[in-house]
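In what follows, a structure is listed as structure tokens, so that the remarks can point back to it.
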Amino acid sequence: MAPKETDALLYIDGVSVSFDGFKALNELSLFIDKGEMRAIIGPNGAGKTTMMDVVTGKTRPDFGTILFDGDIDLTKLDEAAIAELGIGRKFQKPTVFEQQTVWDNLELALAGRRDPLSALFQPDGPKEHARIEELLGIIRLESQAREKAANLSHGQKQWLEIGMLLAQEPKLLLVDEPAAGMTDAETEATADLLKDIAQEKSVVVVEHDMAFVRALDVKVTVLNEGSVLSEGSIDHVSGDPKVIEVYLGR
Ligand code: ADP
Ligand code: MG
């Protein structure tokens with residue numbers, strides 16, 4: 001049964017989005033609880049990225065309800081206002097400052113829009129320093145703190161960007177295909193890292209890699225043709241005949 005609107009951190013109900021008559025989202029309904037981590041899977045074109053686009057204000061739904069934190073109507077807000085509310089989004093491609101060190105990237109993210117330039121030239125206060133150290137631990141980059149971001153592996157850059165999002169203290173983190181292009185070891189470490197983060201934040205993660213989704217060990221939503229096809233544990237959804245048909249029928 002669906003929780004009441006006030007219970008869910010993110011409440012998506014009956015959301016539809018069309019592009020030239022093609023329904024990318026078709027009456028999508030999805031509820032994410034406070035403190036929950038949810039994995040979203042589904043074939044290419046299922047609407048996974050579009051779902052993140054409507055939550056972050058990049059795309060406007062044609063119909064439907066999207067509420068955050070009880071009663072905040074996200075369909076009325078622009079991207080900047082939605083980010084400000086505490087919804088952080090990690091895109092597939094990492095966008096770190098390549099010529100800055102890992103430490104400085106985190107420092108810049110901590111300063112945020114307030115004062116990004118002077119952050120680099122002023123010594124950080126003890127509070128800032130402690131938070132950066134904490135973030136380095138979460139993203140497994142303590143030993144790389146003084147490295148230029150350009151020298152990190154692809155996987156490490158993804159982690160750095162996750163750290164930069166965390167620096168802005170989001171309530172909800174949306175992560176689109178974090179394991180794409182990662183080595184097996186990096187994929188495994190990413191699952192652990194997201195599980196750590198999910199102890200404090202709500203996280204929605206879209207991913208294709210089934211080993212990764214299994215390692216997350218959370219409730220899974222399968223999207224297909226813009227709606228929810230199946231929902232439950234990874235064992236439940238991977239045994240669901242509807243899901244098997246969609247994946248094997250291709
Ligand atoms: P997924 O992330 O699950 O692979 P997407 O949400 O990216 O799927 O896309 C769902 C469908 O909507 C696809 O068929 C895609 O081509 C289409 N689509 C997504 N964004 C746009 C857009 N801005 N304009 C036109 N079609 C789009
Ligand atoms: Mg996508």
Side-chain angles (χ1 to χ4, degrees), residues 1-92 165 170-178 194 198 201-208 213 216 218-234 236-237 240 242-243 245-247 250:
M1 208 179 74
K4 282 198 297 281
E5 301 186 10
T6 44
D7 293 346
L9 179 66
L10 179 65
Y11 179 97
I12 302 176
D13 195 30
V15 167
S16 295
V17 173
S18 303
F19 297 111
D20 300 322
F22 173 81
K23 286 203 162 183
L25 294 181
N26 189 3
E27 305 209 1
L28 174 68
S29 297
L30 191 65
F31 315 101
I32 309 295
D33 282 330
K34 293 195 171 85
E36 178 180 3
M37 173 153 63
R38 177 75 58 88
I40 313 261
I41 63 173
N44 268 330
K48 304 181 297 294
T49 298
T50 305
M51 180 272 298
M52 292 194 172
D53 289 343
V54 294
V55 171
T56 55
K58 188 167 178 239
T59 299
R60 290 278 167 221
D62 304 327
F63 306 103
T65 308
I66 309 178
L67 299 174
F68 182 64
D69 219 355
D71 59 356
I72 305 169
D73 183 352
L74 296 185
T75 66
K76 299 275 191 295
L77 301 175
D78 66 17
E79 284 186 85
I82 291 171
E84 199 71 31
L85 283 175
I87 299 183
R89 178 179 192 175
K90 164 87 188 71
F91 289 91
Q92 276 169 253
L165 282 170
K171 292 180 185 155
L172 172 66
L173 200 60
L174 306 173
V175 193
D176 203 351
E177 300 196 26
L194 288 175
K201 320 255 176 217
S202 298
V203 181
V204 175
V205 50
V206 164
E207 188 48 68
H208 281 293
V213 173
L216 288 180
V218 296
K219 186 171 170 184
V220 178
T221 297
V222 185
L223 290 193
N224 186 47
E225 297 181 348
S227 348
V228 174
L229 182 69
S230 186
E231 209 162 63
S233 68
I234 183 73
H236 171 80
V237 300
D240 183 336
K242 295 195 297 287
V243 175
E245 194 187 320
V246 160
Y247 275 96
R250 297 187 154 239

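Please read all numbers here as calculations on a predicted model, not as lab measurements.
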Worksheet item: If we only count heavy atoms from C-beta on, is the Val228 to Leu223 side-chain gap below 4.5 Å?
Response: yes

Item to complete: Could you grab the distance from atom CG of Asp13 to atom CD of Glu27, nearest 0.5 Å is fine?
Response: 9.0 Å

Worksheet item: Are Leu85 and Lys171 close enough that some pair of their side-chain heavy atoms sits under 4.5 Å apart?
Response: no

Fill in: Closest contact, heavy atoms only, Tyr247 versus Val222
CE1-CG1, 4.5 Å

Item to complete: Please tell me if the side chains of Leu67 and Asp73 come closer than 4.5 Å, counting only heavy atoms from C-beta onward.
Response: yes

Fill in: Thr59 side chain vs Val54 backbone, donor-acceptor pair below 3.5 Å
no

Worksheet item: Is there a side-chain contact between Ile41 and Val243 (heavy atoms, below 4.5 Å)?
Response: no

Practice prompt. Report yes if some heavy atom in the side chain of Val206 is under 4.5 Å from a heavy atom in the side chain of Val175; otherwise report no.
Written response: no

Discussion item. Ile82: which residues meet the side chain to side chain contact (heavy atoms under 4.5 Å, CB included) condition with it, sequence neighbours left out?
Written reply: Leu74, Leu77, Ile87

Worksheet, complete the sentence: Test side chain to side chain contact (heavy atoms under 4.5 Å, CB included), reference Ile234, set Leu216, Val218, Val213, output is Val213

Discussion item. If you define the side chain from C-beta out and look only at heavy atoms, does anything of Lys23 sit under 4.5 Å from Ser227?
Written reply: no

Discussion item. Rounded to the nearest 0.5 Å, what separates atom CD1 in Ile40 from atom CD in Glu207?
Written reply: 12.0 Å

Discussion item. Are there over 12 heavy-atom neighbours, none belonging to Glu79, within less than 6.0 Å of that residue's CD?
Written reply: yes

Worksheet item: Where do Met51 and Val204 come nearest, in terms of heavy atoms and distance?
Response: CE-CG1, 4.3 Å

Fill in: Donor-acceptor side-chain pairing of Glu231 and Thr221 below 3.5 angstrom
yes

Worksheet item: Can any side-chain N or O of Arg38 pair as donor or acceptor with the backbone N or O of Asp33 at less than 3.5 Å?
Response: no

Worksheet item: So how far is it from Phe31 CZ to Leu10 CG, rounded to the nearest 0.5 Å?
Response: 10.0 Å

Worksheet item: What are the two closest non-hydrogen atoms of Val237 and Ser230, and how far apart are they?
Response: CG1-OG, 3.6 Å

Response to the item:
Taken to the nearest 0.5 Å, the spacing of Leu229 CG from Glu245 CD works out to 9.0 Å

Worksheet item: Can you check whether Glu225's main-chain N or O pairs, donor with acceptor, with Asn26's side chain at less than 3.5 Å?
Response: no

Worksheet item: Given the rule in the side chain to side chain contact (heavy atoms under 4.5 Å, CB included) test, do Asp53 and Arg89 qualify, once you have shown the distances and angles that lead to the verdict?
Response: CA-CA 10 Å; Asp53 289 343; Arg89 178 179 192 175; 2.8 Å; yes

Discussion item. For a 4.5 angstrom cut-off between non-hydrogen side-chain atoms, does Pro61 reach Leu25?
Written reply: no

Worksheet item: What pair of heavy atoms forms the shortest contact from Leu28 to Gly226, and how long is it?
Response: CB-O, 3.6 Å

Item to complete: Would you sort out whether Val17 and Phe19 count as a side chain to side chain contact (heavy atoms under 4.5 Å, CB included), showing the intermediate values?
Response: CA-CA 7 Å; Val17 173; Phe19 297 111; 3.9 Å; yes

Discussion item. With rounding to the nearest 0.5 angstrom, report the NZ to CG distance, Lys90 to Leu174.
Written reply: 12.0 Å

Practice prompt. Please answer whether the main-chain N or O of Gly42 pairs with a side-chain N or O of Lys48 as donor and acceptor at a distance below 3.5 Å.
Written response: yes

Discussion item. When you measure from the side chain of Lys58 to the backbone of Thr50, do you find a donor-acceptor pair of N or O atoms at a distance under 3.5 Å?
Written reply: no

Worksheet entry | Steps toward side chain to side chain contact (heavy atoms under 4.5 Å, CB included) verdict (Tyr11, Ile66) | CA-CA 6 Å; Tyr11 179 97; Ile66 309 178; over 6 Å; no

Worksheet item: Does Leu172 offer a backbone N or O that forms a donor-acceptor pair with the side chain of Ser202 under 3.5 Å?
Response: no

Discussion item. Side chain to side chain contact (heavy atoms under 4.5 Å, CB included), that's the test. Do Asp7 and Lys34 meet it? Break it down for me.
Written reply: CA-CA 8 Å; Asp7 293 346; Lys34 293 195 171 85; over 6 Å; no

Fill in: Taking every non-hydrogen atom, the tightest pair across Pro170 and Leu165
CD-O, 3.2 Å

